[in-house]
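Working notes for the structure below.
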Amino acid sequence: MAPRTSPEISGMGHSMKRKEDPRFLRGQGRYVDDIVLPGMVFMDIVRSPFAHAKITKIDTARALKVPGVLAVITGETLAKFNLHWMPTLMSDTQMVLPTEKVMYQAQEVAAVIATDRYAAADGVEAVEVSYDPLPVLVDPFKALEPGAPVLRTDKKGKTDNRIFHWEAGDRQGTDAELAGSEVVVKQDLYIPRIHVSSIETCGCVADFDRAQGKLTVYMTTQAPHAIRTVFALVAGHVGLSEERIRIVSPDIGGGFGGKVPVYPGYVIAVAASVVLGKPVKWIEDRMENLQADSFARDYHISAELGAKRDGTMTALRIKTIADHGYTDAAANPSKFPAGLFSICTGSYQLGHAFAEVDGVYTNKPPGGIAYRCSFRVTEAVHAIERLTDILAHELGMDPAELRFKNFIPPESFPYHSALGWDYDSGNYAAALRKAMDRIGYAELRKEQAEKRARGELMGIGISSFTEIVGAGPSKQFDILGIKMFDSCEIRVHPTGKAIARFGTKSQGQGHETTYAQIVAEELGIPAAHVQVEEGDTDTAPYGLGTYASRSTPVAGAAGAVAARKIRDKARKIAAHLLEVAEEDLVWEPGKFSVKGAPQRSKTIQDIALAAYTNHPQGMEAGLEAVSYYDPPNLTFPFGSYICVVDLDRGTGEVKIRRFVAVDDCGNIINPMIVDGQIHGGLTMGMAPALLEEISYDEDGNIQGGSFMDYLLPTAMETPSWETDKTVTPSPHHPLGAKGVGESATVGAPPAIANAVVDALWHLGVRNIDIPITPEKVWRILHEKGVAE
Ligand code: PCD
């Protein structure tokens with residue numbers, strides 16, 4: 001789509017350089033740890049070595065003698081104010097600090113406050129905690145067995161470890177259809193626990209000002225307003241009411257869903273600041289971040305896909321056990337305990353589908369965050385895309401051909417899925433065809449056959465995913481009852497420059513640039529003259545925050561709507577200045593002119609000045625507007641990815657030779673930023689496919705709790721991504737845009753897994769659970785007698 005505005009205005013479609021980058025590139029960003037307040041003290045946390053144990057004693061005497069240590073806070077301290085437990089976003093309860101027992105390794109046990117960070121760490125070493133170990137449950141299947149020890153003994157009347165049972169679709173119809181299907185493929189898939197590992201860990205500076213009775217918390221949160229409300233609900237009874245709480249999210253070094261939850265550390269820091277009357281800084285270290293912050297995934301999926309022998313898909317049935325750790329602290333919309341997992345019918349016409357998920361308590365850290373995925377979409381896409389490939393192989397059909405046969409055709413949109421979603425728009429075949437042309441699919445298949453004949457192992461994997469982002473219509477989506485709208489407030493100053501404030505919060509996505517471009521598109525004020533602000537609850541309009549790729553679909557839409565309100569007023573002022581009727585004016589980005597007399601015009605800058613100096617009698621002065629946007633539907637971005645791998649028969653290493661990603665996120669605001677999002681997302685999709693996993697031994701000891709074992713991709717492992725686009729606008733979004741931030745992380749893992757299995761299918765390999773490590777492949781090569 002050709003941009004409508006000039007490069008000077010830089011509305012949509014311009015690859016304008018990021019306004020935030022000069023400060024980031026010069027090391028001048030202002031992150032939480034850069035905040036230094038007078039009299040500030042430091043907090044460090046004592047953590048449990050056991051995954052499940054009774055606390056018999058906490059002796060703080062020695063710690064209190066460490067020079068610089070000011071206080072030690074325990075569960076008992078908090079219990080006096082009834083602050084030792086807090087609600088989770090899923091209306092479960094979570095310990096801030098324990099008074100009786102710990103439930104996972106690395107759980108917070110006590111906090112030490114000291115005059116400097118080192119003294120706090122020394123104090124942590126000196127706190128003596130006595131534990132009485134209890135039986136540990138790490139396997140969710142065992143946790144569900146009758147007679148398994150009940151973990152949540154704090155919940156009166158709880159007799160098992162099940163958290164919830166959730167289901168969607170038509171069970172009977174699906175059962176019947178599958179029973180009558182000519183072919184049914186079944187596969188168990190485990191999608192392991194992973195961690196976002198953003199460059200910046202979590203932390204805060206809690207500053208309770210006794211004189212004003214006001215609490216300011218600078219913190220790494222993706223959702224500042226929601227956090228303010230949660231704090232008010234949790235601590236209202238000790239006098240912290242909402243107007244006395246200010247949350248500030250400064251620059252954030254990566255969120256990826258990991259900075260949505262409220263972690264105990266934040267609450268303890270707030271309590272410490274209230275008790276001591278001093279600002280308290282708490283910054284997690286790298287190991288704490290990896291071991292105790294919310295995890296993602298951990299879904300045990302059992303899926304069945306039915307089809308006719310000609311490849312027409314008929315029905316999908318999925319049963320999932322979801323390991324949630326010791327509390328349900330998933331960051332999901334309230335009505336969706338399994339997130340948007342019911343997008344699992346993917347890009348295909350499926351008449352019948354049924355999905356069920358059981359959430360289970362285990363002795364692991366809580367979480368279930370939407371790590372670069374709009375609430376369990378990654379899990380859903382992995383299931384359907386893996387099953388589709390298995391079906392193709394079983395039928396002896398080309399996986400691309402099978403997809404073309406089953407895609408929802410473009411004329412069927414809006415498409416009502418068997419699990420209840422109304423997909424807004426799509427053209428799946430166009431994206432797959434483009435990806436196939438780009439990569440030279442037919443040639444690659446020939447090459448693969450030749451190589452196979454020579455014993456070389458090469459695989460081609462496709463993933464044609466559909467995403468679901470932009471929560472959400474407020475009739476379905478809320479968090480703790482707060483509807484999931486989002487907001488924008490724009491003020492145009494007399495000199496024609498503007499400030500735009502949003503209810504979301506960028507963590508690196510580039511909102512300062514793209515939001516300014518949205519305002520530029522709608523008002524013709526150059527994006528360079530639009531200052532974007534987010535993240536301060538004292539100034540920004542109330543919004544639900546940035547996650548689930550919702551900023552463009554929801555807050556971006558609010559930006560367009562607010563700008564249009566301003567344009568409506570600007571039209572009235574222009575009519576007054578030009579002494580014509582409003583209907584006689586035509587708009588082009590940046591000015592109104594008189595129909596048939598284009599030389600008679602007023603620029604938006606002229607109009608802005610008039611709004612303060614020469615506005616019509618009876619009209620209020622000023623030029624500003626606010627919009628709280630409630631989207632009529634979600635947006636459904638999609639794409640087709642093709643991955644080519646070569647397997648090393650000596651080492652089992654998977655080498656990604658090529659990876660073509662064709663994405664469709666509707667109309668694009670900033671093509672350069674979108675490409676950056678795809679590159680980052682693909683790398684974060686490759687990571688769990690090949691490298692990352694957090695697991696636990698029988699005693700609940702974390703495996704992969706440091707970067708020695710938890711392997712993040714570096715430039716060495718990352719291939720050169722080849723990206724392309726198709727453009728299918730969203731029919732309901734004011735700018736035709738869909739979200740894109742998570743597409744690549746969601747779409748990439750099955751493309752890679754499908755490619756590896758494609759290389760090995762002829763040897764009888766149907767599935768390898770991710771991460772597909774060299775060791776797993778090496779073992780298979782030996783088992784099949786093809787190792788070198
Ligand atoms: N765009 C454009 N166009 C279109 C779309 C979009 O341009 N069509 C762009 C925008 O504006 C921005 C971006 O792109 O800037 C993105 O967007 P979105 O999709 O809307 O999204 P957001 O909301 O903003 O964001 C969020 C996401 C998420 S969700 C995640 S994970 C991740 C992503 O984002 N994270 C991050 N990306 C990123 N990047 C960075 N740098 N960092 C970070 O942290 Mo979640 O749920 O939270 O898990």
Side-chain angles (χ1 to χ4, degrees), residues 1 11-16 18-21 24 194-200 220-223 251-261 294 296-297 330-333 339-340 367-378 467 469-471 486 502-518 521 527 532 534 543-557 559 635 637 663-685 725 727-730 733 735-746:
M1 189 190 72
M12 284 179 68
H14 289 280
S15 285
M16 177 187 185
R18 302 203 324 168
K19 296 172 80 173
E20 42 273 87
D21 279 348
F24 290 155
I194 54 170
H195 199 281
V196 305
S197 303
S198 48
I199 291 179
E200 181 200 28
T220 48
T221 177
Q222 300 177 226
D251 286 331
I252 293 187
F256 306 110
K259 288 171 179 161
V260 174
S294 287
R297 323 289 191 247
N332 285 329
L340 307 186
I369 53 157
Y371 171 1
R372 216 162 186 178
C373 123
S374 176
F375 319 115
R376 304 295 189 185
V377 178
T378 314
E467 261 250 271
V469 304
D486 227 292
F502 292 81
T504 49
K505 174 63 206 165
S506 188
Q507 311 122 40
Q509 292 88 344
H511 292 174
E512 284 167 51
T513 310
T514 51
Y515 283 159
Q517 290 183 265
I518 290 175
E521 174 77 13
V532 170
E534 300 176 284
L544 273 283
T546 291
Y547 41 83
S549 303
R550 64 187 297 281
S551 303
T552 304
V554 194
T635 68
D663 270 274
D664 194 318
C665 56
N667 293 334
I668 292 177
I669 300 154
N670 185 317
M672 177 196 71
I673 287 184
V674 167
D675 264 354
Q677 288 292 310
I678 306 281
H679 279 230
L682 288 171
T683 308
M684 280 184 136
K725 305 283 171 300
V727 176
T728 312
S730 167
H733 186 277
L735 301 166
K738 301 182 178 185
V740 78
E742 301 166 304
S743 292
T745 310
V746 167

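Just so you know, ligand 1 is whichever comes first in the structure, and atom 1 is the first atom listed for that ligand.
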Specify side chain, backbone, both or neither for [X], according to which of its non-hydrogen atoms lie closer than 4.0 Å to ligand 1.
X	result
Gln222	side chain
Ile669	both
Gln677	side chain
Asn667	backbone

At less than 4.0 angstrom from any non-hydrogen atom of [X], what atoms of ligand 1 do you find?
X	answer
Tyr371	48 (O)
Gly739	19 (O)
Lys738	4 (C), 5 (C), 8 (N)
His511	15 (O), 22 (P), 24 (O)
Gly254	44 (O)
Thr552	1 (N), 5 (C), 6 (C), 10 (C), 11 (O), 17 (O), 18 (P), 20 (O)

Does at least one non-hydrogen atom of [X] fall below 4.0 angstrom from an atom of ligand 1?
X	result
Ala548	yes
Pro671	no
Gly680	no

| message | I'd like to know if the side chain of Glu20 reaches the main chain of Glu512, judged simply by a donor and an acceptor atom lying under 3.5 Å from each other, with no hydrogens or angles considered. | response |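 Yes; at least one donor-acceptor contact below 3.5 Å.
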